[in-house]
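Okay, structure first, notes after.
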Protein chains: 2
Amino acid sequence: MSAVKTPGRRPRSDGQRNRERLLVVAKAAFAAGEIDIALDEVARRAGVGIGTLYRHFSNRDALIEAVYCVELDRLAEAAPALAARHPPVEALRAWMILFVDYIAAKQIIAPALKGLVGGTGALYARSGDVLKAAIDGLVASAVESGDMRVNIEPLDLLRALAGVSNFASGPGWEASAKRLVDILIAGSQAPAP
Amino acid sequence: MSAVKTPGRRPRSDGQRNRERLLVVAKAAFAAGEIDIALDEVARRAGVGIGTLYRHFSNRDALIEAVYCVELDRLAEAAPALAARHPPVEALRAWMILFVDYIAAKQIIAPALKGLVGGTGALYARSGDVLKAAIDGLVASAVESGDMRVNIEPLDLLRALAGVSNFASGPGWEASAKRLVDILIAGSQAPAP
DNA sequence: CATATATACGGAGGGATACTCCGTTTAACA
DNA sequence: TGTTAAACGGAGTATCCCTCCGTATATATG
């Protein structure tokens with residue numbers, strides 16, 4: 001009742017192996033731009049049956065989240081380091097740029113982000129939280145230092161950025177996103193005293 | 001060769017009637033949140049065959065665009081009036097708020113906007129142009145008046161806003177979007193001399 | 001009104017996908 | 001080595017998008 005899991009038995013090795021394979025294949029496919037790849041195909045490439053895929057990931061969203069969960073955590077973890085090396089506002093700017101780069105690297109993401117930042121679904125909950133915690137911290141520091149207005153909702157910034165990422169298909173979207181970072185930072189800064 | 005169309009014959013009345021019915025039904029469905037409604041179902045509700053639907057709208061996107069084309073035009077047309085009644089920056093702010101309200105009224109829209117503002121497709125071309133022209137004009141005025149930085153790409157602002165609209169599902173998204181308008185405006189303004 | 005014909009209609013059907021179900025196989029443990 | 005819970009695989013079901021083509025009809029004309 002207290003433990004997260006009651007391992008009456010060690011998890012089966014083939015189960016873990018297949019799960020891992022699926023994640024690797026899916027990540028590769030997504031990164032290659034095959035956003036809409038059929039799940040049957042993912043299973044085939046991983047050398048497992050479609051039934052196995054669905055046992056590990058109850059649907060497409062679950063798979064996407066699992067793929068990007070680790071990476072999103074990594075992104076969140078980068079925040080403290082940036083905060084230590086830069087003044088608050090610049091740390092925030094740097095992290096937002098990192099966020100854009102991250103999206104650029106792993107195309108798509110957008111659909112995943114939709115769940116993370118805005119969705120009503122309980123899915124993505126954990127990843128969304130760590131991401132929110134990261135930017136919350138950065139913004140809080142900036143506010144404390146007096147460099148940023150107090151009435152900024154950190155998630156708003158993330159939403160705008162994630163939103164732009166939905167247009168990642170168009171040419172020059174990345175430059176567009178980085179310009180937007182500057183605008184958002186400038187618009188969030190405290191007016192000169 | 002010069003005219004847009006060579007009406008060797010008057011268009012058939014049943015054709016126009018069915019097209020209109022399809023648009024009405026589709027708009028109602030979209031506005032009701034049935035974003036992913038099957039096109040077969042749209043045809044059924046309109047009392048026409050699926051073949052008829054596809055003859056009028058070559059695919060889902062075409063239908064969506066047709067539904068929102070008129071309304072987007074109306075939004076674009078609102079710009080001049082605002083420009084006449086407000087100082088440049090405030091006109092821009094007002095128009096962006098209007099944009100948010102518009103999205104709020106017609107839910108979804110987001111998928112349509114994706115094509116409009118960012119898409120690579122030639123679809124949506126016309127509506128996208130008028131929308132772009134509207135905000136271009138507003139921003140240009142603000143820049144001329146010296147109230148706004150010169151290196152603002154108007155479309156960036158629209159992209160951010162449209163992006164946030166993708167999260168229209170979450171609670172409080174509208175407030176979030178309006179806060180974002182303020183941040184974007186503030187971030188785009190010229191630094192105090 | 002009758003005839004001709006361009007235009008539009010309807011819906012069966014092809015192809016693709018998401019997801020389910022269940023009989024079979026296998027890894028873990030005693 | 002035997003038992004059993006866990007995992008496997010893939011055929012099957014349910015939807016959807018979109019195409020194709022034979023049929024019906026609105027418009028124009030004699």
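Naming convention: chains lettered A, B, ... in sequence-line order (proteins, then strands); numbering from 1 in each chain. Predicted model only: the values in this text are computed from it and were never measured. Just the heavy atoms: all of them, side chains too, but no hydrogens, waters or symmetry mates, feed the values below.
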Evaluation steps, side-chain hydrogen bond (donor to acceptor under 3.5 Å, both in side chains), between A:N18 and A:T52 = CA-CA 8 Å; A:N18 284 337; A:T52 297; 5.2 Å; no
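Put simply, CG on B:N59 is 6 Å from P on D:dC18, counting in whole angstrom units. Look at CD1 on B:I64: it is 13 Å from C1' on D:dC17, rounded to the nearest Å. Rounded to a whole Å, the CZ atom of A:R21 is 10 Å from the P atom of D:dC8. Regarding A:D36, its CG atom lies at a distance of 14 Å from the C1' atom of D:dC16, rounded to whole Å. The distance between atom OH of A:Y54 and atom P of D:dG12, rounded to the nearest whole Å, is 18 Å. B:H56 has its NE2 atom 16 Å from the C1' atom of D:dC18, to the nearest Å.
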Using atom names, set out every protein N or O paired with an N or O of nucleotides 28-30 of chain D below 3.5 Å, distance rounded to 0.1 Å.
unit_1: D:dA28; atom_1: OP1; unit_2: B:R10; atom_2: N; d: 3.3

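You'll find the side chain of B:D182 reaches within 4.5 Å of the side chain of B:R93, heavy atoms only. At a threshold of 4.5 Å between non-hydrogen side-chain atoms, the residues A:L72 and A:V130 do not count as touching.
The salt bridge (charged side-chain N to carboxylate O under 4.0 Å, His left out) search around A:R21 returns none, not counting sequence neighbours.
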Side chains of residues 133-145 of chain A: which donor-acceptor pairs under 3.5 Å do they make with residues two or more places apart or in other chains?
unit_1: A:D136; atom_1: OD2; unit_2: A:K132; atom_2: NZ; d: 3.0
unit_1: A:S141; atom_1: OG; unit_2: A:G137; atom_2: O; d: 3.2
unit_1: A:S145; atom_1: OG; unit_2: A:A142; atom_2: O; d: 2.9
unit_1: A:S145; atom_1: OG; unit_2: A:D147; atom_2: N; d: 3.4
unit_1: A:S145; atom_1: OG; unit_2: A:D147; atom_2: OD2; d: 3.2

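A distance of 6.0 Å separates CG in A:L161 from CG in A:L180, rounded to the nearest 0.5 Å. Rounding to the nearest 0.5 Å places CG of B:D101 at 12.5 Å from CE of B:M96. One finds the CG atom of A:L184 at 9.0 Å from the OG atom of B:S188 (value rounded to the nearest 0.5 Å). The distance from atom CD of B:E77 to atom CG of B:L82, rounded to the nearest 0.5 Å, is 12.5 Å.
Taking 4.0 Å as the cut-off between side-chain N and carboxylate O, A:R45 and A:D40 do not count as a salt-bridged pair. Checked for salt-bridge contact, B:R44 and B:E41 meet the test: a charged N lies under 4.0 Å from a carboxylate O. The existence of a salt bridge linking A:E71 and A:K27 is confirmed by a sub-4.0 Å separation between a basic side-chain nitrogen and an acidic carboxylate oxygen.
Boundaries of the chain B contact region on DNA chain C are C:dT5 to C:dA12, first to last in 5' to 3' order (nucleotide atom under 4.0 Å from a heavy atom).
Below 30°, between 30° and 60°, or above 60°: for A:Y68 and A:F30 the angle between ring planes is below 30°, a parallel geometry.
Near DNA chain D, meaning a heavy atom under 4.0 Å from it, residues 41-53 of chain A has A:G47, A:V48, A:G49, A:I50, A:G51, A:T52 in order of number. Within residues 12-19 of chain B, the residues having any heavy atom closer than 4.0 Å to DNA chain C are, in order of number, B:R12, B:D14, B:G15, B:N18.
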